[in-house]
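One structure below.
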Number of protein chains: 2
Amino acid sequence: MRIGELATQAGVSVRALRYYEEQGLLGSVRSPSGQRHYVEAAVDRVQLIQHLYAAGLASRTIAELLPCVDAQVSTPESRATLSAERDRIDRQITELIQTRDRLDAIIDLTTRPDLSGCVIKEDSYAM
Amino acid sequence: MRIGELATQAGVSVRALRYYEEQGLLGSVRSPSGQRHYVEAAVDRVQLIQHLYAAGLASRTIAELLPCVDAQVSTPESRATLSAERDRIDRQITELIQTRDRLDAIIDLTTRPDLSGCVIKEDSYAM
DNA sequence: CTAGAACCTGACGTTGACGTCAGAGGCAAG
DNA sequence: CTTGCCTCTGACGTCAACGTCAGGTTCTAG
């Protein structure tokens, strides 16, 4: 599998894949002419990388953690990084839920029929 | 309340507050000498801005939505933006939960006692 | 065999939310 | 009055994850 097809299948750009390799996140086998070739499993790996990026992890952090995924082994440092990032994501989720609920409240407030123009109510008071 | 105290109370930098004003997110009253003065409610507003930034909204989007919060009224466009962002945050939460669970699985796999050194199992096969 | 698509390596450009520095003025205390 | 902290307005710097362009090679379909 060459870089263009991997890009298509994983839904990222060719440039991104080269960047991942540059950051030590994604390996490739080079053909004699220098072209990158990937195994099928690379699709999943790229998507994992994307999810970790989306969760706010930096390249360096991902580069530190991916070997654990590969070798299924963790050092004390990587264990610390793993649980730290896990907890950070957890707090991020909590905050996002609050913000989402806040947006819901705003939507509710601003969508609800505007009672300020409801003069009839005042008439009923005047009775 | 001057800019330094607002920065302290809201937990952001002075530079950030000037930036918010520049982006039209945060108003201030100027003293004759040109210094910014803020009302108490500015603390909450700054924290709302921070939460919206943390949720991935851009300055322009926030600038578009804050008037709704203030006036409690929404235009058709702002309603669309509001629900679009709400849904985006919702998807983001879902993805973050998946990534967190993925990290949990990795932690579990790499922390668990290493069975690869357990040769006794192979002996039991050899029986 | 040839055109066009895909690939390569640099290397500079982009974007957003600020950080930081320079130079100048403002304000309360002693 | 002056010392020291706070504030002001530009304006350039930063950082990360790519985008984009240049200039050249390689693969593939007809």
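First the proteins, then the strands, lettered A, B, ... as listed; each starts at 1.
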Exercise. Report yes if at least one side-chain N or O of S31(A) is closer than 4.0 Å to OP1 or OP2 of dT26(D); otherwise report no.
Key: no

Practice problem: Ignoring backbone atoms, test whether S33(B) places a side-chain nitrogen or oxygen under 4.0 Å from the OP1 or OP2 oxygen of dT7(D). | Solution: no

Quiz prompt | Whole angstrom value for the distance that separates P of dC7(C) from CG of L6(A) | solution = 10 Å

Quiz item: Tell me: CD of E5(B) to P of dC27(C), nearest whole Å?
Solution: 17 Å

Exercise. Mind calculating the distance between CE (M1(B)) and C1' (dC27(C)) to the nearest angstrom?
Key: 18 Å

Exercise. Scan side-chain atoms only and decide if T75(B) and S78(B) contain a donor-acceptor pair under the 3.5 Å cut-off.
Key: yes

Quiz item: How would you label the contact of R18(B) with the nucleic acid (heavy atoms, under 4.0 Å): base, sugar-phosphate, or nothing?
Solution: base

Quiz item: By side chain to side chain donor-acceptor pair (under 3.5 Å), which residues pair with R79(A), not counting sequence neighbours?
Solution: S74(A)

Quiz item: Where the side chain of I3(A) is concerned, which of dC6(D), dG26(C), dC7(C) is the nearest nucleotide?
Solution: dC7(C)

Please tabulate, for the side chains in residues 45-55 of chain B, all donor-acceptor contacts under 3.5 angstrom to protein atoms that are two or more places apart in sequence or on a different chain.
from: R45(B); atom 1: NH1; to: L25(B); atom 2: O; distance (Å): 3.0
from: R45(B); atom 1: NH2; to: D70(B); atom 2: OD1; distance (Å): 2.3
from: R45(B); atom 1: NH2; to: D70(B); atom 2: OD2; distance (Å): 2.8
from: Q50(B); atom 1: NE2; to: Y20(B); atom 2: OH; distance (Å): 2.4
from: H51(B); atom 1: ND1; to: Q47(B); atom 2: O; distance (Å): 3.2
from: Y53(B); atom 1: OH; to: S59(B); atom 2: OG; distance (Å): 2.6

Exercise. In whole angstrom, give the distance that lies between atom NE2 of H37(B) and atom C1' of dC6(D).
Key: 11 Å

Practice problem: Between protein and nucleotides 16-25 of chain C, map the contacts as a letter string: B base, S sugar-phosphate only, - none, heavy atoms under 4.0 Å, written 5' to 3'. | Solution: -BBBB-----

Quiz item: Closer than 4.0 Å, any side-chain N/O of R36(B) to the OP1 or OP2 of dC8(D)?
Solution: yes

Exercise. Rounded to the nearest angstrom, tell me the gap between atom OH in Y38(A) and atom P in dA6(C).
Key: 16 Å

Quiz item: In chain order, what residues pass the ring pair (Phe, Tyr, Trp, His ring centres under 6.0 Å) check against Y38(A), with sequence neighbours excluded?
Solution: none

Self-check item: Listed partners of R91(A) passing salt bridge (charged side-chain N to carboxylate O under 4.0 Å, His left out), at least two apart
Solution: none

Quiz item: Who pairs with T61(A) by side chain to side chain donor-acceptor pair (under 3.5 Å), at least two apart in sequence or on another chain?
Solution: none

